[in-house]
There are 2 protein chains.
Amino acid sequence: MTVWSEFSVMIHSDAEEAVANLLIELGSAGVSIVNQHDLMDLPEYQYEELLDRDDPKYLTDRIIVKSYFYDVDNAEHLKQHIEDQLATYHDYGLNTSNFTVQYATIDEEDWADTWKKYYHPVALTRFLTIVPQWQAYEPHHSDEIVLKLDPGQAFGTGTHPTTQLALQLLETTMRGGETLLDVGTGSGVLSIAAAYMGAGDIYAYDIDAVATRVAAENIALNNQSDQINVAVNQSLDNITHETDMIVANILADIIIPLTADAYRLLKPGGTFITSGIIDSKKEAVIAELERVGFIVEQMNQMTDWIGILARKPLTTKEKELK
Amino acid sequence: MTVWSEFSVMIHSDAEEAVANLLIELGSAGVSIVNQHDLMDLPEYQYEELLDRDDPKYLTDRIIVKSYFYDVDNAEHLKQHIEDQLATYHDYGLNTSNFTVQYATIDEEDWADTWKKYYHPVALTRFLTIVPQWQAYEPHHSDEIVLKLDPGQAFGTGTHPTTQLALQLLETTMRGGETLLDVGTGSGVLSIAAAYMGAGDIYAYDIDAVATRVAAENIALNNQSDQINVAVNQSLDNITHETDMIVANILADIIIPLTADAYRLLKPGGTFITSGIIDSKKEAVIAELERVGFIVEQMNQMTDWIGILARKPLTTKEKELK
């Protein structure tokens with residue numbers, strides 16, 4: 001009867017998305033993140049159960065990534081495998097020093113509650129709130145967009161700083177009617193938000209077929225399957241249709257090689273929103289943006305994460321044709 | 001019959017707000033700004049009349065501040081006075097190298113059009129558009145907030161990068177119901193936007209009685225006089241009522257000395273949004289924010305301007321009382 005195992009990784013917040021992806025790839029039914037933001041903003045959160053809240057190291061830069069596995073054969077073996085994988089992550093520029101991995105067993109009848117109690121509606125901006133699929137939620141304002149996500153399947157919950165930055169820049173940039181390419185769509189959250197804000201046709205790509213399936217489920221949950229096209233694709237390879245906007249909430253090392261493709265696919269005046277950029281990689285991303293011809297218009301930063309809004313300029317000839 | 005003079009100052013964009021304030025103080029009926037952003041985003045704008053659009057220096061960092069004076073006795077004398085004032089501005093850390101001042105005379109019957117053609121609705125975000133008071137405007141979306149301003153009297157048009165950054169951070173932070181202090185309200189644009197986003201009581205202060213009059217007019221134009229209280233006040237001196245949010249879109253040299261007062265007046269968990277911070281002053285503002293106890297949560301940058309979102313933390317005791 002005891003079939004669920006909870007594996008918790010405490011690690012530097014830089015590694016959140018990477019760890020979440022790893023755990024999903026290893027077969028977790030889902031992940032949840034416990035971070036400083038939860039502690040500050042969500043008084044209902046029962047953090048006393050989890051950690052020493054006076055631990056200053058935890059409070060400034062560490063998070064707990066919790067994951068849930070069904071019917072694990074050998075928990076100690078899985079723990080070791082997670083540790084081995086995490087040990088390689090510094091090669092990708094992530095801060096994984098002093099991480100810890102722990103596991104515990106959960107009775108099945110307790111599982112649903114254990115799993116869900118770490119999710120709650122999160123207001124990302126005044127106009128945009130992400131709400132777990134199963135949760136009733138009454139908007140505070142008639143003009144508040146309520147974006148439903150099933151984080152039990154999601155690659156992240158839509159509330160990681162990189163996703164928040166991308167959503168803010170979308171909100172800053174969008175006016176409605178724009179066609180959009182979403183590269184590395186993950187849970188689909190950016191495409192779904194864009195559709196709610198009045199985008200035109202949206203094309204959401206991910207290299208991972210699990211991600212596109214999850215995105216399609218979340219898109220259906222928000223009744224946007226007609227507007228958002230989801231497909232497996234590597235970066236922007238072989239994409240040919242011109243677009244008004246491109247969003248890429250991935251990692252700097254993946255963004256840099258696709259920047260020239262983004263420039264090629266954007267209409268003059270079009271915008272390229274990139275996120276998932278750790279501070280130490282910011283200059284490299286900006287250099288590549290400017291090298292291919294983009295103008296950097298805005299940079300937003302939360303903790304060590306950066307989101308960038310860049311624009312493909314109108315040429316003199318294009319200005320004259322206007 | 002010829003009574004209007006147009007004075008145009010071409011200067012580094014750093015000095016925009018300072019120059020606009022100077023021209024208003026000297027009696028201009030209003031100012032308008034022509035900048036790179038106008039050229040990029042607003043194809044209807046007739047910039048060919050104004051400047052050599054291929055001048056790379058202009059396109060990267062210079063603006064034109066245009067102002068309109070009624071019945072100038074001695075235009076050459078006024079031009080000299082403006083130049084003398086601008087020459088002192090480098091003492092305030094502003095880049096005023098190689099500015100130029102020009103003037104021209106405008107027939108009265110042409111004046112209204114000359115004056116107004118440089119204003120147009122500007123969508124600051126997907127949800128917030130500033131529209132000149134006299135202009136008809138049809139929102140693109142039913143949930144778009146249309147903020148009316150009379151820029152003929154305004155200290156800036158609400159579209160300067162510092163104001164855009166402050167508005168973005170307000171939109172990121174507000175949830176509705178918060179009490180707000182707006183220090184250095186100027187045209188009142190931040191208080192008006194906050195009221196539209198569902199803030200509770202709002203207190204808007206400015207050291208300048210002309211600004212509070214202009215703010216009151218714009219607040220009335222948006223039918224928010226009951227919700228927003230406007231008063232002349234120096235920084236936050238002698239203010240005692242606790243609040244959920246403080247916005248200060250001024251200049252770093254004014255923000256730094258009021259930071260301790262902001263901390264004192266904010267409730268635990270409350271937020272302090274500062275803008276008007278030129279890149280070179282960013283570290284000094286952050287140092288003061290952290291010295292008095294704030295946690296910097298987000299920084300947004302456009303050109304060389306920075307907006308910062310800081311939070312007053314909950315103490316352990318306050319967390320326990322929750």
Side-chain angles (χ1 to χ4, degrees), chain A residues 36-37 39-41 43-44 47-48 53-54 59-60 123-129 139-145 161 164-165 167-177 193-194 196-199 269 295-303 305-309 311 313-314 316 318-320 322, chain B residues 36-37 39-41 43-44 47-48 53-54 59-60 123-129 139-145 161 164-165 167-177 193-194 196-199 269 295-303 305-309 311 313-314 316 319-322:
Chain A
Q36 185 190 12
H37 189 71
L39 304 184
M40 296 290 295
D41 288 355
E44 80 278 14
Y47 56 85
E48 296 88 343
R53 64 186 164 190
D54 292 325
L59 286 173
T60 53
L124 295 176
T125 75
R126 159 65 180 75
F127 297 99
L128 185 61
T129 302
H140 292 80
H141 308 278
S142 61
D143 56 1
E144 182 180 342
I145 290 171
Q164 291 193 43
L165 292 168
L167 285 164
Q168 289 174 10
L169 288 171
L170 257 187
E171 198 171 306
T172 300
T173 314
M174 281 200 67
R175 299 294 174 258
Y196 275 125
M197 290 194 279
I295 294 170
V296 172
E297 290 198 349
Q298 181 157 356
M299 289 184 287
N300 289 6
Q301 178 165 4
M302 293 176 73
T303 67
W305 293 101
I306 316 278
I308 299 176
L309 168 62
R311 190 179 296 272
L314 300 175
T316 303
E318 286 149 354
K319 283 182 195 162
E320 279 166 4
K322 279 221 172 224
Chain B
Q36 186 189 11
H37 189 71
L39 304 184
M40 297 288 296
D41 288 355
E44 79 278 14
Y47 56 86
E48 297 88 344
R53 65 187 163 189
D54 293 324
L59 287 172
T60 53
L124 295 177
T125 74
R126 159 64 180 75
F127 297 99
L128 185 61
T129 302
H140 293 79
H141 308 279
S142 61
D143 56 1
E144 181 180 342
I145 290 172
Q164 291 193 44
L165 292 167
L167 284 164
Q168 289 174 10
L169 288 171
L170 257 187
E171 198 171 307
T172 299
T173 313
M174 282 199 66
R175 300 293 174 257
Y196 275 125
M197 291 194 280
I295 294 171
V296 172
E297 290 197 349
Q298 181 158 356
M299 288 184 287
N300 289 6
Q301 178 165 5
M302 293 177 75
T303 67
W305 294 101
I306 317 277
I308 298 176
L309 168 62
R311 191 178 296 272
L314 300 175
T316 303
K319 282 181 196 164
E320 278 165 5
L321 291 173
K322 277 220 171 228

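Order of the sequence lines fixes the chain letters, A, B, ..., with proteins taken first and strands second; residue numbering starts at 1 for each chain.
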Among [options], who wins on heavy-atom pairs under 4.5 Å with chain B?
options	result
A:Thr172, A:Leu165, A:Leu170	A:Thr172
A:His140, A:Met174, A:His141, A:Met197	A:Met197
A:Ile145, A:Leu124, A:Asp143	A:Leu124

Contacts of A:Gln168 that satisfy side-chain hydrogen bond (donor to acceptor under 3.5 Å, both in side chains) - sequence neighbours left out: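 Expected list: A:Asn300, B:Gln298.
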Counterpart residues, side-chain hydrogen bond (donor to acceptor under 3.5 Å, both in side chains), relative to B:Gln301 (two or more places apart):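 In terms of side-chain hydrogen bond (donor to acceptor under 3.5 Å, both in side chains), with neighbours along the sequence ignored, B:Gln301 is linked to no residue.
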A:Tyr196 OH to A:Glu171 CD distance, which is reported to the nearest 0.5 Å: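 Those atoms lie 14.5 Å apart.
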Heavy-atom closest contact (A:Arg175 atom, B:Ala123 atom, distance):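 Smallest heavy-atom distance, with atoms named: NH2-O, 2.7 Å.
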Under 4.5 Å from any heavy atom of chain A - which part of B:Leu309: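 Neither; nothing under 4.5 Å.
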